[in-house]
Amino acid sequence: MTEQRSSQWYAGSDRNAYLHRAWMRRGVPSSAFEGRPQIAIANTASDLTPCNAHLNEVAESVKHGIYEAGGIPLNLPVVSLGETNVRPTAMLWRNMAAMATEEMLRANPIDGVVLLGGCDKTIPSLLMAAASVDIPALVVPGGPMLNGTFRGVPLGCGTDVWKLSEEVRAGTLSEKLFLKSESSMIRSKGHCNTMGTASTMGLLAEALGTVIPGLAGTPAPDARLLEAAHESGRLAVEMVAAGRTPSQVITKESFHNAIVALAAIGGSTNAVVHLLAIAGRLGIDLTLDDFDRIGADVPLLVNLQPAGKYLMEDLHRAGGFLAVLQQVKDLLNPTAITVTGEPLVSYLEDEQIWDRDVIREREQPLIDEAGIAVLYGNLAPTGAIIKPAAASPELLSHRGKAVVFESVEDLHERIDDPDLEVDATSVLVLRGCGPKGYPGMPEVSNMPLPKKLLEQGVRDMVRVCDGRMSGTAYGTVVLHVTPEAAAGGLLGLVENGDEIVLDVEGRRLELNVPEEELQQRRVPASTADAFAAPTRGWEKLYVEHVQQANSGADLDFLIGASGPDVARESH
Ligand code: FES
């Protein structure tokens, strides 16, 4: 058996071992330093991340499991990101959270780690960190909140906010009723209950093999979450003994399974950048084309908002994530293992669907092909994506004249201007929202429709942007356009009235402007020059090093793993 990592701190009788042990004692028995696995609980609980505020309770159950299995639990509060609060966008801080967690895992006497996340960026950042350090790690997703109800019908976080606010703008819902819905929407602990990014990433963490099978999607207030948290603590200790690290669990094969799952659940487009970033940390060659190729024939089986009508509590009641995977078992890679050491597919045998309207059988999907489509063309030479399942079928092949907005602020200032030259066939273009340009790549691509068109009954238009879109949003939205405008992409040269062609079936996104004309527009200054570069702090580091969305928007110097070894003593 190889030496336990924490023994490098605690073993022996010299002065250094004395220093490491003595300060950690505080009532802890000597046996704690005699080869018992030291298991960190990387905890993103924070009052400012309300979706994760209950994770301290979850951590207690994890602790019990760790003790029970003979390990030593160590609470490790890590950077937490509350999606609805953090400015200018939580995505700006995902890589910082991942980097800080990575370094704290490396710096401390830790043999394994249980990762507690929930709100959108927290599970991705934790997995990026654990993948980089490559010590035994597993995730306990904090789980979704219970269904909200309003006026007798379910109310989903996010998705219904967009719908209700559009209704207010269209004049079909009073502001008073709109405000009344606010307290009905968020009625329990947990993260957003639609198939948004948090739900998606919790489930995909399980598809990747990093969660005890059957746990992801358990609602936050459900006692079974604590039971599984306890079990996760036990398993972390076993994983240390087995030397089962993220690089053994998260493989190209498990990304294959995650991409199949992403399509079958109708998951968030944000999963694309997060999975690419996690793969980058492990040196796995995952590309945008893998998403298109692997997801292409996968049917949409989960009838959850925003693509359908139910919420996460319903998915759990209907049989849960494993019942979904059971329907597409033949599309999954049978060799990809989970944190238990057993293949994911070995957990699917006895799974059943209990409500066939929530989880559809393979023969009766909501949509036959639910994968994310990757578009190329002069507007996106290195790729852009669209989620056809969330789009209007009649707009998937479209040509229209561009109406350009330079920034989110410009959009908000002019979108409802009665004099804005726009009609239902126009293509709304928003730039300055990529990783460098904003900076941080906010969820603004599903830009609001012009009020005057909403009043005419228009409910969807083709929109093109270099930013992201909330997983709870919907519409015919081309997003993650690369290169972004601020990195010299053609998106920065589009002018009002230019023709844009979207052909999802042909996977094309083109700007119909002659090359000579574009050359003239490039001189004297491109839009890229108009962006003011940050001068200090994380933003400066981020803008100087962030990669484009097609590579996962990670920092270039964080690609690859750091590994668990830190040779130098602290004193
Ligand atoms: Fe936290 Fe939606 S705001 S998951």
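In listed order, ligands and their atoms are each counted from 1.
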By number and element, which atoms of ligand 1 are closer than 4.0 Å to a non-hydrogen atom of [X]?
{"X": "T84", "result": "3 (S)"}
{"X": "E83", "result": "3 (S)"}
{"X": "C119", "result": "1 (Fe), 3 (S), 4 (S)"}
{"X": "D120", "result": "2 (Fe), 4 (S)"}

Mind checking whether V140 and L115 have side chains closer than 4.5 Å, heavy atoms only?
no
Within C157, is some N, O or S atom less than 2.8 Å away from atom 1 (Fe) of ligand 1?
no
Any N, O or S atom of C51 closer than 2.8 Å to atom 1 (Fe) of ligand 1:
yes
Under-4.0 Å salt bridge between [X] and [Y]:
{"X": "D357", "Y": "K309", "value": "yes"}
{"X": "R431", "Y": "E484", "value": "no"}
{"X": "R459", "Y": "E166", "value": "no"}
{"X": "R169", "Y": "D416", "value": "yes"}

Within reach of ligand 1, part of A198 (heavy-atom separation under 4.0 Å)
side chain
Apply the side chain to side chain contact (heavy atoms under 4.5 Å, CB included) test between T89 and each candidate in M441, E443, R468; give the one that qualifies.
R468
May I ask you to check if K387 and Y474 form a cation-pi contact, with NZ or CZ under 6.0 angstrom from the six-membered ring centre and within 45° of the axis?
no
Give the residue and atom name of whichever protein heavy atom lies nearest to atom 2 (Fe) of ligand 1, and the separation in Å to one decimal.
C192 SG, 2.1 Å
Does H191 put an N, O or S atom under 2.8 Å from atom 2 (Fe) of ligand 1?
no
